[in-house]
Amino acid sequence: MGPPLPRSFYARDPRIVAPELLNKLIVVADGRAGRIVEVEAYCGSEDPAAHTYRGKTARNATMFGEAGHLYVYFSYGIHWCANTVCGEVGQGFGVLLRAIEPVQRLEAIQEARGLPRRAVDLGNGPGKLAQALGITGELNGADLVTVDRGVWVADDGIPPPAKPATTPRVGISKGREHPWRWHVLGNPYVSRAPRLPPANLTP
DNA sequence: GGTAAGATCAGC
DNA sequence: CTGATCTTACCA
């Protein structure tokens, strides 16, 4: 399946790392795995949409640590979301994993998601992705490079798309001007199709 | 100390 | 469109 990505892969600007994470595999301890088809970059103190914009808190501390660890946070009181920490220690940079195409242990993923689901609905969103792979707060801080808790990101030889689709990020109100969401163009497992520019209705 | 908003999702 | 209901920021 290929080795875990090295620390140096993550220790860069998340706007570089994010598109390169497309088509990599995220693998968890019990063998469930998915191909990453959608990501977003978050850029610390320079990014008002980032959890780390206003400095370190109990929740976001992992994101200020060493690159290559997993930052898992609890969202809207219901869902878990997973990020890879990027950049230098103290920057609070990371990449949110927003969608996967399930590729290994489909039955376990289906069971984790519950109810009959269309294949595309198994991992097409950050909360769904975490639920599909069983990622919860227990995995916050896991090292994707040393694989200390069984979670890692593998390169199985499929390269990132030469021209990934680039759009504004989903679900934020500040920082909308930055096109820091990337996805595999045309892949049916992404959470949202590219948003068309607003129609010009003025005469 | 209270309140509102949020990197979401499922079910009306 | 709404509810679920955790974390944080911000105001009093």
Student: Apply the side-chain contact (heavy atoms from CB on, under 4.5 Å) test between A/Pro161 and each candidate in A/Val184, A/Leu185, A/Val37; give the one that qualifies.
Tutor: A/Val184
Student: Is the shortest side-chain N to carboxylate O distance from A/Arg105 to A/Glu107 below 4.0 Å?
Tutor: yes
Student: Show me the donor-acceptor pairs within less than 3.5 Å that the side chains of residues 123-130 of chain A make with the rest of the protein, sequence neighbours left out.
Tutor:
| from | atom 1 | to | atom 2 | distance (Å) |
| --- | --- | --- | --- | --- |
| A/Asn124 | OD1 | A/Lys128 | NZ | 2.9 |
| A/Asn124 | ND2 | A/Val120 | O | 3.1 |
| A/Asn124 | ND2 | A/Asp121 | OD1 | 3.3 |

Student: Could you list where the contact with chain A starts and ends along DNA chain C, reading 5' to 3', using a 4.0 Å heavy-atom cut-off?
Tutor: C/dA4 to C/dC10
Student: Reading DNA chain C 5' to 3', how would its secondary structure be written in dot-bracket notation, given Watson-Crick and G-U pairs with both distances under 3.5 Å, brackets [ ] for crossing pairs and | for partners on other strands?
Tutor: ||||.||||||.
Student: Can you check whether A/Trp182 reaches A/Leu21 side chain to side chain, under 4.5 Å on heavy atoms?
Tutor: no
Student: Can we say A/Glu138 and A/Arg149 salt-bridge, meaning some charged N sits less than 4.0 Å from an Asp/Glu carboxylate O?
Tutor: no
Student: So which heavy atom on A/Asn60 is nearest to which on A/His51, and how close?
Tutor: ND2-O, 3.1 Å
Student: When you check every protein heavy atom under 4.0 Å of nucleotides 4-12 of chain B, what one-letter string (B, S, -) results, 5' to 3'?
Tutor: --BBBSSS-
Student: Can you list the other members of the hydrophobic cluster that holds A/Phe64, where links are side-chain heavy atoms under 4.5 angstrom apart?
Tutor: none
Student: Does A/His79 form a ring-ring contact (aromatic ring centres under 6.0 Å, His included) with A/Phe74? I'd like the steps, not just the answer.
Tutor: CA-CA 6 Å; A/His79 303 105; A/Phe74 201 39; 8.3 Å; no
Student: Measure across A/Ala50 and A/Cys43 and return the closest heavy-atom pair with its distance rounded to 0.1 Å.
Tutor: CB-N, 4.1 Å
Student: For a quick test of your reading: what N or O donor-acceptor pairs under 3.5 Å do the side chains of residues 82-94 of chain A make, sequence neighbours left out?
Tutor:
| from | atom 1 | to | atom 2 | distance (Å) |
| --- | --- | --- | --- | --- |
| A/Asn83 | ND2 | A/Tyr71 | O | 3.2 |
| A/Gln91 | OE1 | A/Glu88 | N | 2.7 |

